[in-house]
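Scroll down for the structure; my scribbles are underneath it.
For this chain, numbers begin at 1 and follow the sequence in order.
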Amino acid sequence: QVQLVESGGGMVQAGGSLRLSCAASGSTVSRYSAGWFRRAPGKEREFVAAIGLSGSTTYYADSVKGRFTISRDNAKNTVYLQMTSLKPEDTAVYYCAADTMYIPPQAMGVANRYLYWGQGTQVTVSS
């Protein structure tokens with residue numbers, strides 16, 4: 001069993017930056033593939049970014065490529081999402097997800113490949 005807790009959300013102006021954190025407990029996060037998803041008001045949940053078991057493989061949605069960076073610190077059992085050049089359309093609840101199974105790169109953006117989910121953290125970008 002793994003518990004995930006997100007933090008770092010908040011309100012920022014367009015063009016600003018935020019760093020989200022996802023702290024894992026109950027198991028070692030280094031053994032997990034991890035990803036970030038988001039749900040904007042009135043919209044479906046969508047994939048944002050993912051990182052593989054070793055941390056050497058990363059995958060991004062086209063909408064955030066070049067602006068967001070996912071990383072992990074296995075010593076701290078934490079996965080991060082550094083968000084820069086934020087836009088109002090990035091406003092959403094951001095969720096961290098993880099799974100013990102290997103997820104191939106082509107499936108890293110598929111939400112149902114992840115068993116464990118955090119409670120979400122709100123990100124609001126004002127224009």
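Not less than 6.0 angstrom separates the ring centroid of Phe37 from the ring centroid of Tyr95.
Not a single salt bridge (Lys or Arg N to Asp or Glu O under 4.0 Å) links Lys43 to another residue, sequence neighbours left out.
Both Ile70 and Val64 are part of a single hydrophobic cluster, where members link through side-chain heavy atoms under 4.5 Å apart. If you chain together hydrophobic residues whose side chains sit under 4.5 Å apart, Ile103 and Tyr59 fall into the same group.
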Side-chain donor/acceptor pairs under 3.5 Å, residues 86-94, sequence neighbours excluded:
{"residue": "Asp90", "atom": "OD1", "partner": "Arg38", "partner atom": "NH1", "Å": "2.9"}
{"residue": "Asp90", "atom": "OD1", "partner": "Arg67", "partner atom": "NH2", "Å": "3.0"}
{"residue": "Asp90", "atom": "OD2", "partner": "Arg67", "partner atom": "NH1", "Å": "2.8"}
{"residue": "Asp90", "atom": "OD2", "partner": "Arg67", "partner atom": "NH2", "Å": "3.4"}
{"residue": "Asp90", "atom": "OD2", "partner": "Lys87", "partner atom": "N", "Å": "2.8"}
{"residue": "Thr91", "atom": "OG1", "partner": "Pro88", "partner atom": "O", "Å": "2.9"}
{"residue": "Thr91", "atom": "OG1", "partner": "Val125", "partner atom": "N", "Å": "2.9"}
{"residue": "Thr91", "atom": "OG1", "partner": "Val125", "partner atom": "O", "Å": "3.4"}
{"residue": "Tyr94", "atom": "OH", "partner": "Arg38", "partner atom": "NH1", "Å": "2.8"}
{"residue": "Tyr94", "atom": "OH", "partner": "Asp90", "partner atom": "O", "Å": "2.6"}

Compile the donor-acceptor pairs under 3.5 Å between side chains in residues 105-118 and protein atoms, sequence neighbours left out, one pair per line.
{"residue": "Tyr114", "atom": "OH", "partner": "Met108", "partner atom": "O", "Å": "2.6"}
{"residue": "Trp117", "atom": "NE1", "partner": "Tyr114", "partner atom": "O", "Å": "3.1"}

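Note that CD of Gln13 and OG of Ser126 are 5.0 Å apart. Values are rounded to the nearest 0.5 Å.
With contacts defined as side-chain heavy-atom distances shorter than 4.5 Å, the pair Thr84/Phe68 does not qualify. Taking 4.5 Å as the limit, every side-chain heavy atom of Thr69 sits out of range of all side-chain heavy atoms of Leu81. Contact check for Tyr60 versus Val48: no side-chain heavy atoms found under the 4.5 Å cut-off.
Panel note: side chain Ser63, backbone Ala61; no donor-acceptor pair is recorded below 3.5 Å. Between the side chain of Glu6 and the backbone N or O of Gln119 there is at least one donor-acceptor pair closer than 3.5 Å.
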Could you go step by step and tell me if Ser17 and Gln82 meet the side-chain contact (heavy atoms from CB on, under 4.5 Å) rule?
CA-CA 8 Å; Ser17 299; Gln82 179 68 51; 4.1 Å; yes

